[in-house]
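To keep things clear, I will list the structure first and then write my remarks on it.
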There are 2 protein chains.
Amino acid sequence: MNHIAHAEIDRTPPKHDAAWTIGIAARPSQDAPVAGAREAHFAARETLCEEGARADHIVIIAQGAVMLSKLLPDGRRQIIELLGAGDVFGLSNTALYDTTAESLTPVRAFQYERRVYENSPELQRTVSQKMTSQLCAMHDHAMLLGRKTAAERVASFLMGLIPNRGGHGCNGPDAKADTRHVAIPMTRQEIADYLGLTLETVSRAFSQLKKDGILQAPRHDEIVVTNVCRLCHLTGTL
Amino acid sequence: MNHIAHAEIDRTPPKHDAAWTIGIAARPSQDAPVAGAREAHFAARETLCEEGARADHIVIIAQGAVMLSKLLPDGRRQIIELLGAGDVFGLSNTALYDTTAESLTPVRAFQYERRVYENSPELQRTVSQKMTSQLCAMHDHAMLLGRKTAAERVASFLMGLIPNRGGHGCNGPDAKADTRHVAIPMTRQEIADYLGLTLETVSRAFSQLKKDGILQAPRHDEIVVTNVCRLCHLTGTL
DNA sequence: CGAAGAATTGACCGCATTCAAATGCGGTGG
DNA sequence: CCACCGCATTTGAATGCGGTCAATTCTTCG
């Protein structure tokens, strides 16, 4: 079952996503594959490529969610990017992948040989746009990792899963209730590794948000944000 | 006076830079400008563009060092990227710049109108390669910000200023002494904002490295690393 | 129903921050 | 050349946020 496919109950048409919405909240990409594509499917929790392996393919995600991570020799892990439909990975400035990619949900993707990519202006143009978005997302994430408190990081993470809210592109609260349902196909440990925290700290932040009446958690991997605006004000960004 | 120009006394020819060497250690770029370029010069410590302003130009640095930063409303600052010759900035997935760019040294650069960029496959191809490098650098920096200790961050920062050492591309120690001179055109506060620390913590880390005989600091903005290998082992990366 | 893994909660600790004071350095003018 | 001033840096002491370690509870699934 694909969590991402129903991550948002809201069915508004996919407008220009707010800059800092993280990848996995995106809807399936409508983009047609460029020539040279090989379509690939992966189950949830598969390793799509490994840090340090020969980087001979680049991948564009058509549907599903992927996380990129890096390890330090002593086992510390950082989840570097969360990717969704339309995002790209596998690019490297060396001969080797610089991150490991794992599927969080079932994934449909288009793979291109690196050689093909390097000789296709059309593909480069497409990828170039994706990369720009991802670079901006990394900028936001660097701010989060370097300067935000634990509570702000968790609030920012959750807001990133809610499209069309927060930041410049915010539509404001819905008519009556300011409520959104969000599926989170990640463990607390993974969220922690993404936010530069420990799983205990993430758990405590969630508990605090529940106590403050900002969210409910019917399941571990699914939450209901009952007051998006209040959550947004806890991100530190505004 | 351009600190970057003599940042490295070593004069070995510019080989393929190790993946994680940060931008400002790079040598002047040999790349010829693409059609549509406007050459621009900036003194040290000028603001080249501002977070939130209309993003109508992209800039490729020919010579000098630039830092990109973001601010939170309460004044917390994160320096997002350190850029040098060959690096690009000003790209955004929105209509506005997502970071502020300031010169650390005198800078020579080529500016392109966004419209020109969007219609020039040649320019896109060039920029695409730069972006790949910068994205990988951001990946490394996310690991640093999320998971490394203060001492490891400072050691990583210094190693990033030493080309051809550390990581995969390491040449190993020089014949006799394992010593390198490094110019640092940044204040302690700027280094702290780059590493997600406070200036006091950065200062303490420097002091510790001096006490351990790993470096000397004849001036605040210039240090001599007397044992590159020992420093490298403090980065946590290896 | 029972077991295994994930999440929560509590108590304590330590690293980095905060607040504060002293020192060093660079630049200016006498 | 030297004295002085302003600013950056260094150093010290105390605090606190998030981490660590450990016990318990909740979920999910066979």
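Convention: sequence-line order gives letters A, B, ...; per-chain numbering from 1.
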Please state how far atom [atom1] in [X] lies from atom [atom2] in [N], giving the value in whole angstrom units.
{"X": "A:Leu197", "N": "D:dT20", "atom1": "CG", "atom2": "C1'", "result": "14 Å"}
{"X": "B:Ile191", "N": "D:dT10", "atom1": "CD1", "atom2": "C1'", "result": "14 Å"}
{"X": "A:Glu152", "N": "D:dG18", "atom1": "CD", "atom2": "P", "result": "9 Å"}
{"X": "A:Arg153", "N": "D:dG18", "atom1": "CZ", "atom2": "C1'", "result": "9 Å"}
{"X": "B:Ile223", "N": "D:dT10", "atom1": "CD1", "atom2": "C1'", "result": "16 Å"}
{"X": "B:Gln216", "N": "D:dT9", "atom1": "CD", "atom2": "C1'", "result": "18 Å"}
{"X": "B:Arg147", "N": "D:dT20", "atom1": "CZ", "atom2": "C1'", "result": "13 Å"}

Do you know which two heavy atoms are closest between [X] and [Y], and how far apart they sit?
{"X": "A:Val202", "Y": "A:Val154", "result": "CA-CG2, 4.4 Å"}
{"X": "B:Thr99", "Y": "A:His139", "result": "CG2-ND1, 3.6 Å"}
{"X": "A:Asn227", "Y": "A:Arg230", "result": "OD1-N, 3.0 Å"}
{"X": "A:Lys210", "Y": "A:Ala217", "result": "CE-CB, 3.9 Å"}
{"X": "A:Asp193", "Y": "A:Gln78", "result": "O-NE2, 3.0 Å"}

Exercise for review: Between B:Ala151 and A:Leu199, just flag the one whose closest nucleotide in DNA chain C comes earlier from the 5' side.
Suggested key: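 Comparing both residues, the 5'-ward one is A:Leu199.
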
Point to revise | Options D:dG18, D:dT9, D:dT20, nucleotide nearest the side-chain atoms of B:Ser203 | key: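 Per side-chain heavy atoms of B:Ser203, the pick is D:dT9.
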
Point to revise | Segment of DNA chain C, first to last nucleotide, that comes within the 4.0 Å heavy-atom reach of chain A | key: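 It runs C:dA7 to C:dA11.
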
**Study point:** Short N-O contact, A:Glu190 and A:Arg45, less than 4.0 angstrom
**Key:**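 Result for this pair is yes, salt bridge flagged.
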
Check your understanding: Does a side-chain N-to-carboxylate-O contact under 4.0 Å join A:Asp74 and B:Arg147?
Key ->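 No salt bridge links A:Asp74 with B:Arg147.
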
Exercise for review: Let me have a per-nucleotide readout for nucleotides 21-30 of chain D, 5' to 3', with B, S or -, counting only protein heavy atoms under 4.0 Å.
Suggested key: B-----SS--

**Study point:** Spatial distance of atom OH (A:Tyr194) from atom CE (A:Met67) [nearest 0.5 Å]
**Key:**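 With rounding to 0.5 Å, OH (A:Tyr194) is 12.0 Å from CE (A:Met67).
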
**Study point:** Pair A:Thr235-A:Lys148, side-chain donor/acceptor within less than 3.5 Å
**Key:**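 The answer is no; no qualifying pair exists.
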
Point to revise | 5' precedence on DNA chain D between A:Ala150 and B:Thr201 (nearest-nucleotide basis) | key: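 Mapping each residue to its closest nucleotide by heavy atoms, the 5'-most match is B:Thr201.
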
